[in-house]
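These values consider heavy atoms only, across backbone and side chains, with no hydrogens, waters or symmetry-generated copies. All of these numbers come straight from a predicted model, not from anything done at the bench.
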Amino acid sequence: METHRHRPAPSTRSGFALTGRSRALNPRTNAVRPDIADVRLADQVFAPHYAAPVRRTLRADTTLREGRDAASPAMVQLRAGDPFDLLDVTGGVAWGIATGPGLVGYLDAGMVAA
C-alpha cells in the first residue's frame, strides 16, 4: 500500500535563501561591513544585522570618507542638499550611501538632516 505525505501549501510570502557562501562585494560600492549590511543585499551576503536605508539630505558640504576616523582617506566631496541613504549612526559618525556617486562611506552625523 502506498502512503502519501501531506505537503504544505506553497507560501504566498516572498522570500529568499542563501544557497552558498556570501559573495565578496566591494565595500566602496556595496553597503556591507562585518557587523551590518544594507538589507537590499540580504540575498547576496550574510551579515549579523541588516539595516534598511533611510533617505536623508546633507545639511552642508562635507567629505565622504573610507573609514570612521576623520583622518581616513577622502572618497568624494558632497554638497549641501545631496541625498544620503543612512544605514548607521554610531558615536557621531554616519555610515551610508552617497546616492549621487554611488559610494559607501562615513561622514559627520551632524551633516545629515533629520
Side-chain angles (χ1 to χ4, degrees):
M1 178 175 221
E2 190 175 312
T3 61
H4 296 282
R5 289 187 169 186
H6 176 68
R7 292 184 183 181
S11 173
T12 58
R13 189 179 113 211
S14 175
F16 65 88
L18 286 173
T19 58
R21 302 186 127 213
S22 292
R23 297 181 197 168
L25 300 176
N26 182 346
R28 288 177 58 94
T29 56
N30 294 281
V32 60
R33 302 186 319 208
D35 62 329
I36 191 171
D38 185 331
V39 71
R40 296 172 293 191
L41 299 174
D43 63 339
Q44 298 176 53
V45 64
F46 173 77
H49 302 282
Y50 294 95
V54 177
R55 177 63 52 95
R56 296 289 190 236
T57 57
L58 299 177
R59 294 180 191 268
D61 294 357
T62 191
T63 302
L64 186 71
R65 300 196 174 278
E66 288 181 9
R68 294 181 51 81
D69 190 282
S72 180
M75 297 173 72
V76 67
Q77 186 68 26
L78 303 172
R79 310 279 298 170
D82 282 353
F84 186 76
D85 282 354
L86 181 64
L87 290 159
D88 180 46
V89 177
T90 305
V93 178
W95 177 70
I97 307 162
T99 60
L103 294 172
V104 177
Y106 297 84
L107 50 81
D108 181 336
M111 296 294 112
V112 181

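Taking Thr63 as the reference, Gln77 meet the side-chain hydrogen bond (donor to acceptor under 3.5 Å, both in side chains) condition, with sequence neighbours excluded. Taking the side-chain hydrogen bond (donor to acceptor under 3.5 Å, both in side chains) definition, one finds that Arg28 meets it with Glu66, sequence neighbours left out.
In this structure, CG on Leu87 lies 6.5 Å from CD1 on Ile36, to the nearest 0.5 angstrom. Rounded to the nearest 0.5 Å, atoms CE (Met75) and OH (Tyr106) are 10.5 Å apart. Distance check: Gln44 CD to Asn30 CG gives 7.0 Å after rounding to the nearest 0.5 Å.
Judged as a side chain to side chain donor-acceptor pair (under 3.5 Å), the pairs with a partner in residues 83-102 (not counting sequence neighbours) are, in order, Arg33-Asp88, Arg55-Asp85, Asp88-Thr90. Sorted by first then second residue, the salt bridge (Lys or Arg N to Asp or Glu O under 4.0 Å) pairs that include residues 68-81, not counting sequence neighbours, are Asp61-Arg79. A salt bridge (Lys or Arg N to Asp or Glu O under 4.0 Å) check over residues 97-114, counting only residues at least two apart or in different chains, returns nothing.
Residues Ala109 and Val89 share a closest heavy-atom pair of CB-CG1, 3.8 Å. In plain terms, the two heavy atoms of Ala37 and Val45 that are nearest each other are CB-CG1, 4.4 Å.
Between Leu58 and Leu107, the closest side-chain pair of non-hydrogen atoms falls below 4.5 Å.
Its side chain outside the 4.5 Å cluster rule for every partner, Val54 clusters with none of the Ile, Leu, Val, Met, Phe, Trp and Tyr residues.
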